[in-house]
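Single-structure report; data block below.
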2 protein chains.
Amino acid sequence: MNKDQKTEARILEAAIEIFQQKGFAATRMQDIADRASINKAMLHYYFRSKQKLFDRVFQYAIQQFFPGIVAIISGNGSAEAKIRQLVEFYLDMLQKNPRLPGFIIHEIQQNEEHFLETVVRKNPFQPARIITRFVEELQAELNLQGVSELDARQLFVSLIAMIVFPFVARPMVMGLFELDSEAFEKMMSARKTFIPLLFARLLQGQAENKDAEGGE
Amino acid sequence: MNKDQKTEARILEAAIEIFQQKGFAATRMQDIADRASINKAMLHYYFRSKQKLFDRVFQYAIQQFFPGIVAIISGNGSAEAKIRQLVEFYLDMLQKNPRLPGFIIHEIQQNEEHFLETVVRKNPFQPARIITRFVEELQAELNLQGVSELDARQLFVSLIAMIVFPFVARPMVMGLFELDSEAFEKMMSARKTFIPLLFARLLQGQAENKDAEGGE
DNA sequence: GTCTATAACAGGATAGAC
DNA sequence: GTCTATCCTGTTATAGAC
């Protein structure tokens, strides 16, 4: 913790760290104070209550996580290009913030209704609409390639799963594959090429009467 | 809650429900007592402490989740057959226990060391070894089919991700796809054919000089 | 075995000196 | 703005009557 930063920033940084690791319920204000090398009373001075401090941290996490998807899939370009962008962007971001998705998922579950209300329904970007549109694009692409038996919505969920899950289940993955942090990071870096490769193979046509495909 | 069951079983059932939903830290003994329609003091009479009650619930969850994988992938049969079994078995089990994986993942993270010690290292079934072996099998199959550029370990992680992630992120998936519980269940049922289909397509050879493959 | 009442303590929040 | 001391509520855990 950088002692030079001004106090409010130090607290916020510490709060992000601790809340993301332990979740709201298991976090003690004292833990945050300790990590910020600061007095417990200061937390209340700057943020009034644990709940308000948490709200800031959660809001920030949501802002870090969701707008990226929406921006990428609503852009121009082929479905395959968007997939590559999603993989690239999210794996990079998650390597820097490995606990982010687990935190978000766990806290959403603690207050499902609040999430639906604020992030889904009242969100001017209408993520549900944008996702639906992208899934349609992807389905069109699948049909074109003669693999219409694959459902695009299922495939999209699978894509997100492939990107996000290893981070959510990081301790499990590390344990079961006997990886240390460094090996885990390497594996996630390799995933940046693995996932697009897998999708390229899936999307590459059954459509036999296309001429030998162009370069990669 | 079945009032006829004897008390200890009622408590355990209630504890599973509540702990899985809220996690250890957010759970109150009172919540469990209420759900079991029983007095709070009874919880201590039967299980001594919150921690001990939780340990029972967590142990049970681990037993429900892990042995299945180990059994399936260490059996006989082709890699593809094992994949089909994994998908079938886990999707069924998770539909009955949708909160199980999120619970396990969150609590593992709260005490990573304990998990590594008990579930990975001191486990006589040596899950890490068994997984390594299966990954080798899968890689052999990939090589045989002329898709050696796909890494089997990455693929295995992806398989687990595809199966488990939608349940871990259930509220998010439901929100972003605008599904009610029933629609979600339907989607998960459909996944039982989707995932094997996807893997069949991946594994089905690049190997051009094979004769036109047998039926599906 | 089951309940009510209460002890014991942890943790969030505030008062007030500096 | 920062600290120490303290209040006060909620929660685990136990004592003891039935």
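Just so we're on the same page: letters track the sequence lines, and every chain starts at 1.
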Task: Proximity to the side chain of A41(A) - top-ranked nucleotide from dT4(D), dC3(C), dG1(C) - done: dT4(D)
Task: Residues forming a ring-ring contact (aromatic ring centres under 6.0 Å, His included) with F199(A), sequence neighbours excluded - done: none
- [ ] Give a yes or no on whether the ring-centroid distance for F19(B) and F103(B) is below 6.0 angstrom.
- [x] no
TODO: Decide, yes or no, whether a salt bridge links E137(A) with K82(A) under the criterion of side-chain N to carboxylate O below 4.0 Å.
DONE: yes
Task: Closest to the H44(A) side chain, choosing from dG1(D), dA13(C), dT12(D) - done: dA13(C)
Task: Whole angstrom value for the distance that separates C1' of dT2(D) from CG of L43(A) - done: 12 Å
Open item on the list: Assess whether a salt bridge exists between D92(A) and K192(A), defined as any Lys/Arg side-chain N lying under 4.0 Å from an Asp/Glu carboxylate O.
Closed with: yes
Mind listing the N/O atom pairs, protein and nucleotides 6-11 of chain D, below 3.5 Å?
unit_1: dT11(D); atom_1: OP1; unit_2: R28(B); atom_2: NE; d: 2.7

Open item on the list: We want to know whether D55(B) and Q51(B) form a side-chain donor-acceptor pair, criterion being a heavy-atom distance below 3.5 angstrom.
Closed with: yes
- [ ] Measure from CD1 on I38(A) to C1' on dT4(D) and round the result to the nearest Å.
- [x] 15 Å
Task: Polar side chain donor-acceptor pair, N111(A) to E107(A), under 3.5 angstrom - done: no
Open item on the list: Which heavy atom of P127(B) sits nearest to which heavy atom of L176(A), and what is that distance?
Closed with: CB-CD2, 4.0 Å
Open item on the list: dT2(C), OP1 or OP2 - any side-chain N/O from T7(B) closer than 4.0 Å?
Closed with: yes
Task: Nucleic acid contacts - residues 106-114 of chain A versus DNA chain C, non-hydrogen atoms under 4.0 Å - done: none
- [ ] Report the distance from atom CD of Q30(B) to atom P of dT4(C), rounded to the nearest whole Å.
- [x] 11 Å
TODO: Take atom OH of Y46(B) and atom P of dA13(D), then tell me their distance rounded to the nearest Å.
DONE: 18 Å
Task: ring-ring contact (aromatic ring centres under 6.0 Å, His included) involving F65(B) - partner list, sequence neighbours excluded - done: Y90(B)
TODO: Please determine if E113(B) and R121(B) form a salt bridge, counting it only when a charged side-chain N lies under 4.0 Å from a carboxylate O.
DONE: yes
Open item on the list: On a heavy-atom basis, which atom in Q21(A) and which in Q109(B) lie closest, and how many Å separate them?
Closed with: O-NE2, 3.1 Å
Output side-chain donor-acceptor pairs under 3.5 Å for residues 157-174 of chain B, partner residues at least two apart or in another chain, one line each.
unit_1: S158(B); atom_1: OG; unit_2: R191(A); atom_2: NH2; d: 3.0
unit_1: S158(B); atom_1: OG; unit_2: Q154(B); atom_2: O; d: 2.7

Open item on the list: Classify F47(B) by what it touches in the nucleic acid, base, sugar-phosphate, or nothing, heavy-atom distance under 4.0 Å.
Closed with: nothing
Task: Terminal axis angle for the helix from dG1(C)-dC18(D) to dC18(C)-dG1(D), five pairs an end, nearest 10 degrees - done: 10°
Task: Atom-pair distance (CG on D34(A); C1' on dC3(D)), nearest Å - done: 15 Å
Task: Minimum-distance nucleotide to N39(A) side chain [options: dT4(D), dT14(C), dC3(C)] - done: dT4(D)
Task: L43(B) versus M29(B), closest heavy-atom pair with distance - done: CD1-O, 3.2 Å
Open item on the list: Return whichever of R48(A) or M42(B) has its heavy-atom-nearest nucleotide of DNA chain C closer to the 5' end.
Closed with: M42(B)
Open item on the list: Just N and O in the side chain of Y45(A): are any of them under 4.0 Å from OP1 or OP2 of dT14(C)?
Closed with: no
